[in-house]
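Report on the following structure.
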Protein chains: 2
Amino acid sequence: MTTIQLRIGELAEQLELPVETIRYYEREGLMPPPRRTDGNYRVYDAPLVDRLTFIRNCRALDMTLNEIRELLRLRDAPEQDCTGVNDVLDAHIDHVCERINALRRLKVQLQGLRERCRQAHTVEECEILSGLSAPALASTPLASRHLPVHGRKGSKR
Amino acid sequence: MTTIQLRIGELAEQLELPVETIRYYEREGLMPPPRRTDGNYRVYDAPLVDRLTFIRNCRALDMTLNEIRELLRLRDAPEQDCTGVNDVLDAHIDHVCERINALRRLKVQLQGLRERCRQAHTVEECEILSGLSAPALASTPLASRHLPVHGRKGSKR
DNA sequence: GAACACCCTGTAGTAGCTTTAGGGTCAAGT
DNA sequence: ACTTGACCCTAAAGCTACTACAGGGTGTTC
């Protein structure tokens, strides 16, 4: 029976993560330092593959590294009850709902602004630019500030 | 007729922006360096107040500083037509729509996961943790990766 | 002349990576 | 034996949009 042994590149390909991200998780203490070959290459076995899969899935659900740290801690203590896990997840679901609502309000604002300039005319008389220059940004309340729209950059591979 | 002359703190209060953010926009080239008093204090006049208002409103609509740079460039060329402005705004609205859809898919995933553990039991048998450890994260397609949920930290005043 | 609110510069820290620089390892090909 | 090329290594810097800090100057009031 041959046990699983992957170099970092193979692991990265299987889990569809960039190699540098895996090393980053190690630096951050989410992944323990793996065994090394004589040539100083990292070698990953099944438990580490599982752990990284867990981390990747949590990130795909957009949890922060701190939320994931907390879940890993709970995962590593199998005899406790899992109320803590539920709490982390509930809090995260709340985050997501709030973001969705904020973005919907934002979209309404942006579309209203866009409507003001359906035909191209000159910049000087552009209703969009004048709308954006208004002290209180039109009459509608300002989009709740401080919620980024722009996701992470598309990752390579 | 007294023209407007504000120190940075007064400007910050009027526009409800932190002072450091205003200085940051200057370092970033979004705001031109203002006049200074003998004591080396920044002094802002009406055109600069307008410009900062514009920037603040764009940020409230969650545009990136690069998008805003582009809009400012267009705003500074008043004789051109404003197709470019529309393009920036349309692209931004697209961003927002994509984010909303991605977050909705995410929410469905998270709620499905949460349902797997309605009652508290031990971590060892927790369906949430096992779900998160699955190689492909349940059967549903992975939430499109790379879209942060967590907004900026709440700013001071 | 001392207290105080305000202003200045420059630097570092935040999250979650990505990129770059400058090298070492190892299997295959000539 | 040697070179090519794919892969691996570390350390440090860069990204966004700020925020916070250290260490100091200004200006008004008591």
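Values below: all heavy atoms of this structure, side chains included; hydrogens, waters and symmetry mates excluded. Numbers restart at 1 for each chain; the letters A, B, ... are given by sequence-line order, proteins then strands.
Distances shown here put a side-chain N or O of B:Arg36 below 4.0 Å from the OP1 or OP2 atom of C:dT9. A:Arg42 has no side-chain polar atom (N or O) that falls below the 4.0 Å cut-off from OP1 or OP2 of D:dC8. B:Arg59 has a side-chain polar atom (N or O) that falls below the 4.0 Å cut-off from OP1 or OP2 of D:dC18.
The shortest side-chain heavy-atom distance between A:Tyr41 and A:Arg36 does not fall under the 4.5 Å cut-off.
The side-chain contact (heavy atoms from CB on, under 4.5 Å) test with A:Arg69 is passed by exactly one of A:Thr64, A:Leu74, A:Ile55, A:Leu30: A:Leu30.
Ranked by how close their nearest DNA chain C nucleotide is to the 5' end, A:Gly39 and A:Tyr25 are led by A:Tyr25. Comparing B:Glu10 and B:Arg27 along DNA chain C, the residue whose closest nucleotide (by nearest heavy atom) sits nearer the 5' end is B:Glu10. Projected onto DNA chain D by closest heavy-atom contact, B:Arg69 and B:Arg23 fall at different nucleotides, the more 5' of which corresponds to B:Arg69.
Classification of A:Glu26 and A:Arg42 as a salt-bridged pair holds, one side-chain N sitting under 4.0 Å from a carboxylate O. A salt bridge links B:Asp76 with B:Arg51: the distance from a Lys NZ or Arg NE/NH1/NH2 to an Asp or Glu carboxylate oxygen falls below 4.0 Å.
One can place OH of B:Tyr24 at 18 Å from P of C:dC8, the figure rounded to the nearest angstrom. If you measure from atom CG of B:Leu52 to atom C1' of D:dA17, you get 15 Å, rounded to the nearest angstrom. Atom CD1 of B:Ile8 and atom C1' of C:dC6 are 11 Å apart (whole Å). With rounding to whole Å, A:Glu67 atom CD is found 9 Å from C:dG16 atom P. For the pair A:Leu11 CG and D:dC8 C1', the computed distance is 14 Å after rounding to whole Å. Across the protein-nucleic acid pair, B:Asp38 atom CG and D:dG25 atom P stand 18 Å apart, rounded to whole Å.
Put simply, the side chain of B:Tyr41 and the base of D:dG25 share a donor and an acceptor less than 3.5 Å apart.
Among the nucleotides D:dC8, D:dC18, C:dT18, the one closest to any side-chain atom of B:Thr21 is D:dC18.
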